[in-house]
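So the structure is just underneath, and the comments pick up after that.
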Number of protein chains: 2
Amino acid sequence: MTATDDHIDRLPAPAMVHATSQAERVADMLRAFVIDGELAPGVRLSEEKLSRKYEVSRNTLREAFRLLSRERLLVHRMHRGVFVAHPDGEDVRDLFKARRALELPAVRGAARAPEPLVRAVGAAVEAGEAARAEADWWRMGSANMHFHEALGALAQSARINEFMRQVLAETRLVFHVMAAPREFHDPYLPWNRRIHLALAAGDTETAAEELSEYLATSEEQLTTAFTEMERTAKN
Amino acid sequence: MTATDDHIDRLPAPAMVHATSQAERVADMLRAFVIDGELAPGVRLSEEKLSRKYEVSRNTLREAFRLLSRERLLVHRMHRGVFVAHPDGEDVRDLFKARRALELPAVRGAARAPEPLVRAVGAAVEAGEAARAEADWWRMGSANMHFHEALGALAQSARINEFMRQVLAETRLVFHVMAAPREFHDPYLPWNRRIHLALAAGDTETAAEELSEYLATSEEQLTTAFTEMERTAKN
DNA sequence: ATTGCAGTATTGTTCAACAATCCAACGATG
DNA sequence: CATCGTTGGATTGTTGAACAATACTGCAAT
C-alpha cells in the first residue's frame, strides 16, 4: 500500500458491475412484461412453456418466479402455478394508503432535498407533456409513474425508492385490470405541473395539498371503476 | 345456491389455510435464524451443507435464498454464494431515513387510527417493561421492535406493515453486527412509554416529536458505534 | 343437482451431472 | 520483495430427467 495508490482511491465507485444470473435476467424480462401489460393480470405462467420458450430450465425459471412473487407482481398458488397478480378493490385502497404514507411526507420534507431531485420531478412532468403532445397514452402513463417515483425519491432513501417502485408497478397492474389509459391519466398532467411548480418555489405545503387531492381523486376514480366492474362481472 | 347457504356465509374467513412449500418453510426458518442472530452477519451459507442439514435439494434451497435476498436479509454474490447481510454505516443511515419517513407520518396520522391499533402500541411497551424486569435483554429488544412495528401499523396498510417488518428485521441485523443488546435498548423504554401516553391522549404531535428525538438519538448512537468499529477494524 | 371416482395435466422436489467461476497456493519474474 | 501468471480444487450456476403429490376435468351413479 504505497502513496501511489491515490489513483485508485480517486476512481469512481464500483458501479455495480456484478454479473447477473439467468434467474435474474428472466425475472427482469418478466417484470417488464408484467408492467407493460404484455402479460395480462390473472394469466397463468406455465413452467413448461415458459422454460421452453426462453430456454432455461424449470428450476431456473422457478427461482425467477420466487423473486417476482416477493415483489407481489406474481402470485404463487401451491400446486396450481404462478399467476400474474390481479389486484382487487381492496388492493387499490391499500396501495393508495401506502402511497399517501410515502409521497405526502416526502413532499412535505422536500425543503431538505437537494435541487437535482426536484429537477427530476420537473423532468417527469415534461416527459408526460411531451407524450401527451404525441398522443402516446401509454408513454404518458409511464411518465406519470416516473413523476411519482421522483416524488418518493425526495425522501432520499434507497429502500424507500425501491418500495416506491414496487408500489407503483403494482398500481400499474391496476390499470391493466381495466384497460383505459387515456381517460385515467389525461386530467392529471396539469396537476403534476402545479405540484412541481409549488415544489420548485419551495412551497412544500401547497405541493402536499395538491398531491393529496390528486391521490384522493385518483383513488376515487379507480375504486368506483373497480366496483362497477366487479358488479357487472358478478352477473 | 339455496337460502340454506347462510351457514357457510357465517363461517370465519379462510384464515390462510394455504399449504406452504418447502422453499417457504426453509426461508421462514432461515429468516428466524438471521433475525435472532443464530446466523451471524456476513456468514456464508453453503448450499451443500445447508441442503444436507435440512434435507432439501439444492434447488429448493436456492428458491428459499431468492426469497430472502429480496428481503435484503441475505446477499447473493454471483459465483460466490449467499451471505447473511452485513449492513454498514451507510445502511444504518438509510434505514433510519426510511423509518423516519414511515413512522413519523404514521404517528402524526394516528388520529384516524382505530383504538385497537393504539392499544397494540401500549401492549408492546408493557412487554418491553416486563422483559426489562426479568433482565431479559434480548426479549427487550424484540419488544422494542414490536413497538415500532405497532407504530408503523398506524398507517393501516398491509404493504406498509410488511415493509416496516422488513426494515426492522434489517435494523435488528445492525445490532448483531455489534453485539450489545443491553446498553442500546436500555434508555429507550421510558421513551416508548411517553410516546404511547401521548398517543393514547390523542396528542399526536407530541408523540411525533418524542419519536423524532428517539430516532435521532438511536441513529446517532448506532452510527458513532459503527464508525468507531470500522475505524478499529481498519487497523 | 350433488357426489364419487377415474384419468390426465401440472406442479413440487429430488438427484446427478457438467460448465463456469472463484480462490488459495505456488512459483516465476522483474 | 512485491507483483503477476498459472494451476488445481472447491463451490456455485444451470440443466435435464425422473418421480411423487396435487389439482382439475369429465363422467357415471345416486
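Chain letters run A, B, ... following the sequence lines, proteins first and then strands; every chain starts at 1.
Distances shorter than 4.0 Å separate some side-chain N or O of His76(A) from OP1 or OP2 on dG12(C). The phosphate of dT14(C) has OP1 or OP2 within less than 4.0 Å of a side-chain N or O from Thr60(B). At dT11(C), one or more side-chain N or O atoms of Arg44(A) fall inside 4.0 Å of OP1 or OP2 (strictly under the cut-off).
Nucleic acid contact for Glu55(B): sugar-phosphate only, since backbone atoms but no base atoms lie under 4.0 Å from a heavy atom of the residue. Nucleic acid contact class of Arg52(A) (heavy atoms, under 4.0 Å, all strands): none.
Separating the CD atom of Gln22(A) from the P atom of dA20(C) is a distance of 12 Å, rounded to the nearest angstrom. When the P atom of dA18(D) is taken as reference, atom CG of Asn59(A) falls 15 Å away, rounded to whole Å. Nucleotide dG12(C) holds its C1' atom 11 Å from the CZ atom of Arg25(B), rounded to whole Å. Leu61(B) has its CG atom 11 Å from the P atom of dG13(D), to the nearest Å. The interatomic distance linking Arg62(A) (CZ) with dT14(D) (P) rounds to 16 Å, in whole Å. Per the geometry, CE belonging to Met78(A) stands 13 Å off P belonging to dT11(C), to the nearest Å. Atom OH of Tyr54(B) and atom P of dT14(C) are 15 Å apart (whole Å). One can place CD of Glu48(A) at 17 Å from C1' of dT13(C), the figure rounded to the nearest angstrom.
Side-chain atoms of Ser46(A) lie closest to dT11(C) of the nucleotides dC23(C), dA23(D), dT11(C). Nearest nucleotide to the side chain of His79(B), out of dA21(D), dT14(D), dA20(C): dA20(C). Residue Glu47(B) has its side chain nearest to dT12(D) when only dT15(D), dT12(D), dG12(C) are considered. Of the listed nucleotides (dG16(D), dC23(C), dG12(C)), dG16(D) has the atom at the smallest distance from the side chain of Ser57(A).
Between Lys49(B) and Ser21(A), the residue anchored nearer the 5' end of DNA chain D, judged by the nucleotide with its closest heavy atom, is Lys49(B).
Put simply, the side chain of Arg58(A) and the base of dG12(C) share a donor and an acceptor less than 3.5 Å apart.
For the 3.5 Å distance criterion, the side chains of Thr20(A) and Arg25(A) qualify, holding a donor opposite an acceptor. When only modelled atom types and interatomic distance are considered, Tyr214(A) and Glu103(A) share no side-chain donor-acceptor pair under 3.5 Å.
Environment of CD in Glu115(A): crowded, with over 12 heavy atoms of neighbouring residues, nucleotides or ligands closer than 6.0 Å. Shown here is Glu55(B), whose CD atom has no more than 12 heavy atoms of other residues, nucleotides or ligands within 6.0 Å. Crowding of Glu38(A) atom CD: a count of heavy atoms from other residues, nucleotides or ligands under 6.0 Å exceeding 12.
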